[in-house]
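I have placed the structure first, in the form of structure tokens, so that the comments after it can refer back to it.
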Amino acid sequence: MKGADLAGSRIMVTGGGGFLGRRIVDRLEERGANAIVVRSADYDLTEPERVRAALQDAQADYVIHAAAVVGGIGANREHPGSFFYANAVMGVHLIHEAWRAGIRKLLIVGTVCSYPKYAEVPFREDDLWSGYPEETNAPYGLAKKMLLVQAQAYRDEYGFESVVVIPTNLFGPGDNFDYDTSHVIPAIIRKCVEAREAGNDEVVLWGTGKATREFLYVDDAAEGLVLGLQKLEGRDPVNLGSATEIAIADLAELIARTTGFRGRFAWDASKPDGQPRRAVDGSRARDLLGWSPRVGIEDGLRRTVDWYLENRAEIRS
Ligand SMILES: NC(=O)c1ccc[n+]([C@@H]2O[C@H](COP(=O)([O-])OP(=O)(O)OC[C@H]3O[C@@H](n4cnc5c(N)ncnc54)[C@H](OP(=O)(O)O)[C@@H]3O)[C@@H](O)[C@H]2O)c1
């Protein structure tokens with residue numbers, strides 16, 4: 001189904017009410033598809049009968065699996081068991097039931113946390129199995145990596161068409177700003193805004209600031225994923241990245257400039273850095289999807305900070 005036209009098709013999106021899921025739904029609707037959003041309040045996807053009910057009710061042609069239990073280093077460290085269980089079990093049931101329901105194609109949203117801790121940078125898809133992931137996010141990353149194994153096994157045994165796309169760290173408007181569960185960008189934005197408003201001249205951040213990450217704007221990721229549903233074929237996973245590796249200390253300076261925080265950062269090295277370096281090789285996505293990101297880090301941070309400032313009251317309530 002190379003270049004499939006999604007117009008008029010029914011596409012079930014698990015996690016379709018989440019940060020990334022909402023943007024996927026927008027991209028599908030722009031293409032004239034009928035997106036069916038699955039919410040956890042209606043369908044707890046850790047329960048196989050609720051997965052069956054979701055598929056039965058949706059009567060979908062295609063499925064995008066974006067539901068997951070996610071969080072930053074702190075949440076991953078605190079909840080390794082529940083992160084492993086929920087992500088493994090949701091995916092296992094979903095792939096199995098989607099195959100049984102005769103879904104034409106399933107796209108699974110992977111995670112850069114599945115890569116080995118010391119994979120050569122930039123991470124190539126073929127390096128996924130060259131070592132164990134960084135310890136704090138290994139239960140989450142490995143649970144999600146098992147879905148790649150299951151997808152390949154169901155393709156081999158049953159001919160079930162599914163593809164795995166692996167976005168790097170995401171950011172953008174609509175992100176999670178809760179200190180207990182947020183990722184690094186919303187956490188630093190919130191700390192800087194609150195420090196500026198309180199007149200504090202120091203913000204304490206986790207780790208050494210030396211770890212690097214690659215950040216992808218959420219709308220760019222959503223577009224790459226929908227192109228993946230349209231165009232990808234075969235068993236090999238595909239990375240989505242922005243080709244810009246940045247140290248957390250440099251990121252913090254950019255966020256300070258964007259939020260107007262003029263104080264200094266203190267680094268709490270007793271807290272983990274997470275994976276030492278992270279950046280993906282995006283050449284497969286360029287070649288197979290004709291995709292490349294449009295929104296750079298500075299522009300994306302400006303949009304994210306603006307969104308946070310406009311929506312703070314609502315987020316709190
Ligand atoms: N954020 C990142 O930096 C990043 C990077 C790479 C990959 N990803 C992947 O991108 C996908 C979306 O992540 P996100 O950042 O958008 O997270 P998110 O905002 O937390 O969205 C995930 C959604 O999963 C749903 N969900 C969780 N448990 C569920 C359950 N038991 N049953 C049904 N639905 C459940 C939730 O739906 P409700 O809202 O209905 O409760 C939630 O909205 C995930 O697969 C994640 O692994 C994220």
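Counting convention: from 1, in listed order, for ligands and their atoms alike. Every heavy atom of this structure was used, including side-chain atoms; hydrogens, water molecules and symmetry mates were not. On a predicted model such as this, the values are computed, not experimentally measured, just so you know.
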| query | Against heavy atoms of D44, which atoms of ligand 1 measure under 4.0 Å? | reply | 30 (C), 31 (N), 32 (N)
| field | Subset of ligand 1 atoms that lie under 4.0 Å from at least one heavy atom of A66 | value | 11 (C), 12 (C), 44 (C), 45 (O)
| query | Does the ring of W267 carry K210 above it, NZ/CZ under 6.0 angstrom from centre and within 45° of its axis? | reply | no
| query | Does at least one non-hydrogen atom of V109 fall below 4.0 angstrom from an atom of ligand 1? | reply | yes
| said: Just to confirm my output: which protein heavy-atom neighbour is closest to atom 1 (N) of ligand 1, and how far is it? | reply: H183 CE1, 3.6 Å
| remark: Nearest heavy-atom contact between L288 and K231 is O-CD, 4.0 Å
| Say you draw a straight line from CG of D156 to CZ of R235; how long is it, rounded to the nearest 0.5 Å? | 4.5 Å
| query | For ligand 1, which atoms have a heavy atom of V70 less than 4.0 angstrom away? | reply | 15 (O), 17 (O), 20 (O), 46 (C), 47 (O)
| query | Within the distance-only criterion (no hydrogens, no angle test), does the side chain of D44 pair as donor or acceptor with the backbone N or O of T46 below 3.5 angstrom? | reply | yes
| query | In terms of residue, atom name and distance, what is the protein heavy atom nearest to atom 6 (C) of ligand 1? | reply | P167 O, 3.4 Å
| message | For the 3.5 Å polar cut-off, considering only N or O atoms, please tell me whether A68 and ligand 1 meet it. | response | yes
| said: If you compare all heavy atoms of L216 against all heavy atoms of P293, which two are closest, and at what distance to 0.1 Å? | reply: CD1-CB, 3.8 Å
| field | Residue that, paired with V37, satisfies side chain to side chain contact (heavy atoms under 4.5 Å, CB included) out of T14, V25, D42 | value | V25
| Residues forming a side chain to side chain donor-acceptor pair (under 3.5 Å) with T136, sequence neighbours excluded | E134
| remark: In N34, L94, D57, D61, the residue satisfying side chain to side chain contact (heavy atoms under 4.5 Å, CB included) with M12 is L94
| task | Please say which of K105, E161, R104, R10 ends up in a side chain to side chain donor-acceptor pair (under 3.5 Å) with Y62. | result | R104
| Which is it for F171 and ligand 1 at heavy atoms under 4.0 Å: side chain, backbone, both or neither? | neither
| request: Could I get the full list of side chain to side chain donor-acceptor pair (under 3.5 Å) partners for D268, not counting sequence neighbours? | output: S270, K271
| Y115 ring centre to R278 NZ or CZ under 6.0 Å, with the angle to the axis within 45°? | no
| said: Among all protein heavy atoms in this structure, tell me which lies nearest to atom 34 (N) of ligand 1, with the distance rounded to 0.1 Å. | reply: S40 CB, 3.6 Å
| field | Under-4.0 Å heavy-atom contact with ligand 1, by part of K144 that carries it | value | side chain
| Those atoms of ligand 1 less than 4.0 Å from some heavy atom in R39 | 38 (P), 39 (O), 40 (O)
| Hey, is the main chain of N239 close enough, under 3.5 Å, to the side chain of E125 for a donor-acceptor pair? | yes
| request: Just do the salt bridge (Lys or Arg N to Asp or Glu O under 4.0 Å) check on D126 and R284 with the steps written out, would you? | output: CA-CA 11 Å; D126 293 342; R284 204 177 268 179; 3.2 Å; yes
| Per the salt bridge (Lys or Arg N to Asp or Glu O under 4.0 Å) rule, which among R22, R303, R27 passes with D219? | R27
| query | To the nearest 0.1 Å, how far is atom 25 (C) of ligand 1 from its closest protein heavy atom, and which atom is that? | reply | A67 CB, 3.8 Å
| remark: So the atoms of ligand 1 within less than 4.0 Å of a heavy atom of G18 turn out to be 19 (O), 21 (O), 43 (O)
| Within the structure, does A41 bring an N/O atom to less than 3.5 angstrom of an N/O atom in ligand 1? | no
| said: What protein heavy atom lies closest to atom 29 (C) of ligand 1? Include the residue and the distance to one decimal. | reply: M90 SD, 3.7 Å
| request: Give a yes/no verdict on whether any heavy atom in Y140 is under 4.0 Å from an atom of ligand 1. | output: yes
| task | Please identify which atoms of ligand 1 are closer than 4.0 Å to at least one heavy atom of L45. | result | 30 (C), 31 (N), 32 (N), 33 (C)
| Any idea which heavy atoms bring G172 and V218 closest together, and the distance? | CA-CG1, 4.1 Å
| message | Using 0.5 Å steps for rounding, measure from the OG1 atom of T259 to the CD1 atom of I188. | response | 10.0 Å
| said: Evaluate L20 for polar contact with ligand 1, using N/O atom pairs at a separation under 3.5 Å. | reply: yes
| query | So is H65 close enough to ligand 1, meaning a heavy atom under 4.0 angstrom away? | reply | no
| message | If you scan the protein for heavy atoms around atom 22 (C) of ligand 1, do you find one that is closer than 4.0 Å? | response | yes
| query | Do any nitrogen or oxygen atoms of G15 come within less than 3.5 Å of a nitrogen or oxygen of ligand 1? | reply | no
| query | Any idea which atoms of ligand 1 are less than 4.0 Å away from a heavy-atom of Y43? | reply | 32 (N), 33 (C)
| Under 4.0 angstrom from ligand 1, any heavy atom of G110? | yes
| note | Nearest heavy atom to atom 3 (O) of ligand 1, choosing from N87, L170, I24, belongs to L170
| said: With nothing but distance in play, are any N or O atoms of F19 less than 3.5 Å from an N or O of ligand 1? | reply: yes
| said: With a heavy-atom distance limit of 4.0 Å, tell me whether T168 approaches ligand 1 through its side chain, its backbone, both, or neither. | reply: backbone
| query | Strictly under 4.0 Å, does any heavy atom of A86 approach an atom of ligand 1? | reply | no
